[in-house]
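Below is one structure, written out as structure tokens, with a few remarks after it.
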Amino acid sequence: MISFTSFSWFGRFAGLVMIGAVVFAGSANCLQAAQISDDTKKCLSCHNKLTPGIVADWKKSRHSEISPSEAMQKSENEKRISATEFPGFSDKAVGCAECHMMNPDKHKDTFKHYGNQVHIIVTPNDCNECHPVEEKQFSKNLMANAHANLQDNAVYRTMVNSVNSFQPFDDKNPTYREADDLTNADSCLACHGTKVEVRDLKARKTAMGETKFPVLSGWPNQGVGRINPDGSRGACTACHTRHHFSIEVARKPYTCAQCHKGPDVPAYPVYMVSKHGNIFASINKQRNFDAVPWVVGRDFTAPTCAACHISLVTNKNGAIVAERSHQMNDRLPWRIFGLIYAHPHPKSPDTTVIRNKAGLPLPTDLTGELAEAFLITAEEQKARLEKMQELCTSCHSRQWVDGHFTKLDHTIENTNAITLEATKILFSAWEKGLAKGIAQGENIFDEAIEKKWTEQWLFYGNSTRFASAMGGADYGVFANGRWHQSKNLQEMKDYLKFLKTTQLEN
Amino acid sequence: MISFTSFSWFGRFAGLVMIGAVVFAGSANCLQAAQISDDTKKCLSCHNKLTPGIVADWKKSRHSEISPSEAMQKSENEKRISATEFPGFSDKAVGCAECHMMNPDKHKDTFKHYGNQVHIIVTPNDCNECHPVEEKQFSKNLMANAHANLQDNAVYRTMVNSVNSFQPFDDKNPTYREADDLTNADSCLACHGTKVEVRDLKARKTAMGETKFPVLSGWPNQGVGRINPDGSRGACTACHTRHHFSIEVARKPYTCAQCHKGPDVPAYPVYMVSKHGNIFASINKQRNFDAVPWVVGRDFTAPTCAACHISLVTNKNGAIVAERSHQMNDRLPWRIFGLIYAHPHPKSPDTTVIRNKAGLPLPTDLTGELAEAFLITAEEQKARLEKMQELCTSCHSRQWVDGHFTKLDHTIENTNAITLEATKILFSAWEKGLAKGIAQGENIFDEAIEKKWTEQWLFYGNSTRFASAMGGADYGVFANGRWHQSKNLQEMKDYLKFLKTTQLEN
Amino acid sequence: MISFTSFSWFGRFAGLVMIGAVVFAGSANCLQAAQISDDTKKCLSCHNKLTPGIVADWKKSRHSEISPSEAMQKSENEKRISATEFPGFSDKAVGCAECHMMNPDKHKDTFKHYGNQVHIIVTPNDCNECHPVEEKQFSKNLMANAHANLQDNAVYRTMVNSVNSFQPFDDKNPTYREADDLTNADSCLACHGTKVEVRDLKARKTAMGETKFPVLSGWPNQGVGRINPDGSRGACTACHTRHHFSIEVARKPYTCAQCHKGPDVPAYPVYMVSKHGNIFASINKQRNFDAVPWVVGRDFTAPTCAACHISLVTNKNGAIVAERSHQMNDRLPWRIFGLIYAHPHPKSPDTTVIRNKAGLPLPTDLTGELAEAFLITAEEQKARLEKMQELCTSCHSRQWVDGHFTKLDHTIENTNAITLEATKILFSAWEKGLAKGIAQGENIFDEAIEKKWTEQWLFYGNSTRFASAMGGADYGVFANGRWHQSKNLQEMKDYLKFLKTTQLEN
């Protein structure tokens, strides 16, 4: 909130002067357009011309077509709204004003804009007005903490720095410095989310005359763990793309691919070589990505990411196969990527609280021993697995499903064991003074042999596990998996020898 | 076959009690649903609820819509069935029972399931009942032998082991051990096919009460060269996806991409940067992927994988441009991937019979000399090329086509020559004792320099040839081709020096 | 032109005998088919059977549906033709003859074909008859000079040679030789364009009897900078795919991906992980890719490559958001790829005229200093940026847009600085005699450490910048960006040590 006295939603609605008539074109869907509030009409009166793209997207959205009160009359499984009390604007379309003028007091980015108290960034806390269940679930999602879990973790912050900071040739500890904010925002934090802060309130010439706007740092950003000017965490728009908020887009794997395509988290490329991905790619136009609930056998068969991890899935009789989840890992027993060893999921989405035996904020020791107190139990793992398997058994036999997960468990064990061998090589390098790591209080990600070690698990171990978990074997062998695990390990052994020879010689 | 007395198809059909009524919803296609057998009705009575996804897929399939006897009345080019004699169920839809109860005596995975003799895995030998021509063609396909050609080839088995086995840091011959079955199944054999064997018959609680099921090893698996419990080789479902068996899916490149996307066999990524792939990706929704025969100019212009390698293609007058082929390599003169050097296709799909001069089961010596007795002749190569070119000339002039294949021939020669240089470096390493290979009776794929040599041909040589063969040049330069060929060769030279220096020093 | 006396379009049209009747099937579009010239009817009379695929494509094309004179009656924004004078065939469809018989005197590949003067390769100079504005714009495009800028640049030609030439193990300067024409054509020149020359006129048996055809070198090729037999530069068909010439295909990113997918120019993979790419991939079927003008908010919202770089974009009122541009870089201030350092765009599309301080045909020194006289000014950069930003602001606020480009500018600066550090390592190698480069008058791309240096900018610096420019962060970190920048730099440092140790030892 930048300066104004706040007043209630109701009060604000009453005091407005409507500026100009807005012609509202009918949408392609069968739904009638809902009535537009005067505040939103006022927004549209300019933005229809100034930013026609986003207005067009909104006009295609369900938000423009149905009011919260209408939405709340749907049956339990059909509802896309989870509020139990009507919001103030319950009989109007969910337009510009309804979201960008929500909770003005909480928003440090609120500013006076042609008479209204508007904020730039709509946050999970705003969406919460109509979607409180989803917002709460998401707050338990590791992704809501993606910024903090990276930047406030002392070990991972050194990885960020070693990747993003400037590295002079003649600097002996080249990457052990703080990376600058703009580079971080353009790199890791593009997905993990920046911290968006209000720096100033500045006037700028616009097509409508000179106007003051808050000046934001860390903006633009749509990272899933963004820290917002109202203190909330996350960006719903990472997946529910502005201003169409199309559930079809969110359910298609291209949305996840925005952040899950690289070798560190190769969910998308693995999916695309799986049988599921093949069917999706070949005939998704014959499927229905808009239906709520999402009925297996009617709307789709082969799942997308959303079908297994997020969406409310029912069968044709309306029986629930999987509850909607914005926590996501409540169906996942193992965390198979991002860390040195695959491990049971952490209990808290805030992973900065974890301490391993060595006192580091990591879920395992460097040797793989679990920081058990911070991780879910074997019972909880079993319960989560069973939730996931409910989905599998809509199409697959019990033996099929069990066989699949037996292979995955074996692969987790096997890749962890290989990572341990790579870690022993790194330990040897540190012991022999061929690299500087933990013992020397140094960054463990900055030297070449440390980067080779990092790729061993961050790329190859992870990828092998993803390929196993999602049935995309082609990715897990030569594309980015077992071949590279095996090759990298042999190269690390030779690299150790080369470093030793070079040390002796110089 | 687990235990029961077998009896004929006819007998089984007669003796059944129909359990419950099955409501069968009409499909989206114009075809009338065919009559469903009593046995299949019985299956559906439970599985409609238990596994609604696969039932929904089957209901969309042609198998549910047309009986074999109707299918056999189509004109020669329109037929999708190649049987000349009616199968026992010829007037019924091809449902659950028709396939999963076929040939019960031959199947070691047959078990008694609610009164019926059912087997889990439908095999090429079962599909053969209606599709004998395709089954026979496929048996001549290298892919039908993909399991055996890998696992029963002494040289390639050491590659599998070096990729999939566990590799301790302190083991001097780290990868020279047998990889375990679960890892192999999750890795190479996911595409090459596992050997599926019946281990036991065990009771399990199900939603319908306690039931006994065969316990299978190597399952689930849909690898193209799977060894089945009835002794047959292959899995039609690798491409003809259960239980929709959509020809549209099989004809789209995403199906091939399941196993042909990695750097070792990059058919899909090469296709996608080719002009053909561009046209497919941009406007495939304007094309017809369901038509049989597939008419060039009417149903499609730019080909997919299937158009060039498999499908029956005719022109608008019904003249055949290419016969349907499930052998596939009957249009391919050269085998351009997977082996050290590109070479004429082997005569037999069972490549374990091949012996090069050194007595190894490889189609060339390590120096590239051909094991000619086991490979097709130049005349046969010419005949195969001409078959392929028939397809090209539907859109391209003779000069265009000749120019294209002249480049490919040159690229084959050129990449083979570069591989030979890399092999000389490896020979030098073996001679100098910097690595242990053939002469020492050791695995030739396990040490770092051997893995670099392997990538020289398995990744870069192969990829360069694929890019040339399919007109996807972008993939063949910087993505995964000539740049890497050239870089890897220079790095191998330096690596040899580093190894030598290290050896001298230690 | 091979031999014949040329005569005017009009004359040729008059003297023809029509051979056979051609049945012309109606197209899927609403347009009426335009009248077909007698010459084209003659072509079709054979080619309808001989090459049915391309005839089918043409029949679907706008060229078959509308005559130039009809096209010229459209409103200014709707016109796809830019000629101001009617071409000779103005009332006929633009068929085979209209293009392949255009400008016969200029074409060295013109030959007598069943009584007509036909040439094989239709060039920008032919397309110019109806599309002169586009042809002129394209002549200012760097791509029109893609062949010459590579092959006639002394430095870059050594890169081509080091990638494409044969490299014996025992040759001390292995890659410093001229690569052969067929390999170049199959590699770099597939995209950059070959030089197509007429070698001979030779008879060949065809389905229609023996016929003489020109024999072409460098053919087939559809590279964007192809040197044509009429002396013109470029191939419109690189993007406007024969013979459909579908604007939908040209506007979809798969067209650009043909040459812009590899790690050197990763526009496509970056786009596909951007929010724009996600929206395109998820719901492009709901968008209109055929409309001219292309109306933001009506036909599309999230842009494809074409929307930002090429197409005429208007808003719903017909006001122009961006002019059509076939120059493309008139909206681009920076050239962010292909060269060692990102730099302001060159003034001339012919970059062979550039000389840096050291006299090399490069836009910067090896240390990054700009060859300013040959590059656009800061003012021009600003003007180009503003043109681009006009497009952005159709959907994004000014602050969003400014924030985006601030990050890009920082990333350009940052990646250039990192490249400089890598270059210092290379200088050190040259100074110490561990590699041979500029000072020794040697190829700077052929030794392993030089190739590592090349990847530093050609792959990792470029990719990081693309990811920043197009909002595809996932590609710019672990897929092919900052992680690799950082890792490669550390590896170069170690590599330098290994080379030195090896030199001392041997």
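Every chain is numbered from 1 and lettered A, B, ... according to where its sequence line falls, protein lines coming before strand lines.
Scanning residues 414-421 of chain A against chain B with a 4.5 Å non-hydrogen threshold yields N414(A), A417(A), I418(A), E421(A), sorted by number. Contacts from residues 466-474 of chain A to chain B, taken as heavy-atom pairs separated by less than 4.5 Å, involve S468(A), A473(A), D474(A) in sequence order.
Using a 4.5 Å cut-off between heavy atoms, L496(A) touches chain B through its side chain atoms alone. For I425(A), the parts lying under 4.5 angstrom from a heavy atom of chain B are both the backbone and the side chain. Looking at F459(B), the atoms closer than 4.5 Å to chain A (heavy atoms on both sides) all sit in the side chain, from C-beta outward. Heavy-atom distances place both the backbone and the side chain of L499(B) under 4.5 Å from chain A. Contacts of S428(A) with chain B are made by side-chain atoms alone, with heavy-atom separations under 4.5 Å and no backbone atom involved.
With respect to chain B, the highest number of heavy-atom pairs below 4.5 Å among G277(A), A479(A), C395(A), S397(A) belongs to C395(A). Ranked by heavy-atom pairs under 4.5 Å with chain A, the first of P220(B), A238(B), A448(B) is P220(B). Annotation: maximal heavy-atom pairing with chain A below 4.5 Å, among D186(B), V215(B), V55(B), occurs at D186(B). Residue with the most contacts toward chain A among K252(B), H260(B), K285(B): K252(B) (heavy-atom pairs, distance under 4.5 Å). In terms of heavy-atom pairs under 4.5 angstrom with chain A, the leader among N480(B), T454(B), T241(B), I120(B) is T241(B). Among K424(A), R298(A), M492(A), the residue with the largest count of heavy-atom pairs under 4.5 Å with chain B is K424(A).
Under the 3.5 Å distance criterion, with hydrogens and angles disregarded, no donor-acceptor pair is assigned to the side chains of Q222(B) and Q258(B). Counted by atom type alone, Q167(B) and Q490(A) present one or more donor-acceptor pairs between their side chains at under 3.5 Å. In the model, R204(B) has no side-chain atom that pairs as donor or acceptor with a side-chain atom of Q399(A) under 3.5 Å. Side-chain contact check for W430(A) and E450(A): at least one donor-acceptor pair (N or O, by modelled atom type) lies under 3.5 Å. Side-chain polar atoms of T411(A) and K407(A) form no donor-acceptor pair below 3.5 angstrom. For the residue pair R287(A) / N284(A), no side-chain donor-acceptor distance below 3.5 Å is found, with atom types taken as modelled. Side-chain contact check for R251(B) and T304(B): no donor-acceptor pair (N or O, by modelled atom type) lies under 3.5 Å. A donor-acceptor contact closer than 3.5 angstrom links the side chains of T183(B) and H410(A).
Cation-pi check for K212(B) over F111(B) is not met; the charged atom does not lie both under 6.0 angstrom from the ring centroid and within 45 degrees of its normal.
Under the 30°/60° scheme for interplanar angles, the aromatic rings of H484(A) and Y460(A) are found to lie parallel. Relative orientation of the F280(A) and F289(A) rings is perpendicular, given thresholds of 30° and 60° on the angle between their planes. Classification of the F300(A)-W294(A) ring pair by plane angle, with boundaries at 30° and 60°, yields tilted.
Taking the charged nitrogens against the carboxylate oxygens, E455(A) and K451(A) have no contact shorter than 4.0 Å, which rules out a salt bridge.
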Discussion item. Under the criterion ring-ring contact (aromatic ring centres under 6.0 Å, His included), I'd like the reasoning laid out for Y268(B) against Y475(B): C-alpha separation, chi angles, the key distance, then a yes or no.
Written reply: CA-CA 10 Å; Y268(B) 177 84; Y475(B) 191 81; over 10 Å; no

Worksheet item: Yes or no on side-chain contact (heavy atoms from CB on, under 4.5 Å) for Q503(B) and K497(A), after CA distance, side-chain angles and deciding distance?
Response: CA-CA 9 Å; Q503(B) 186 191 42; K497(A) 291 182 206 162; over 6 Å; no

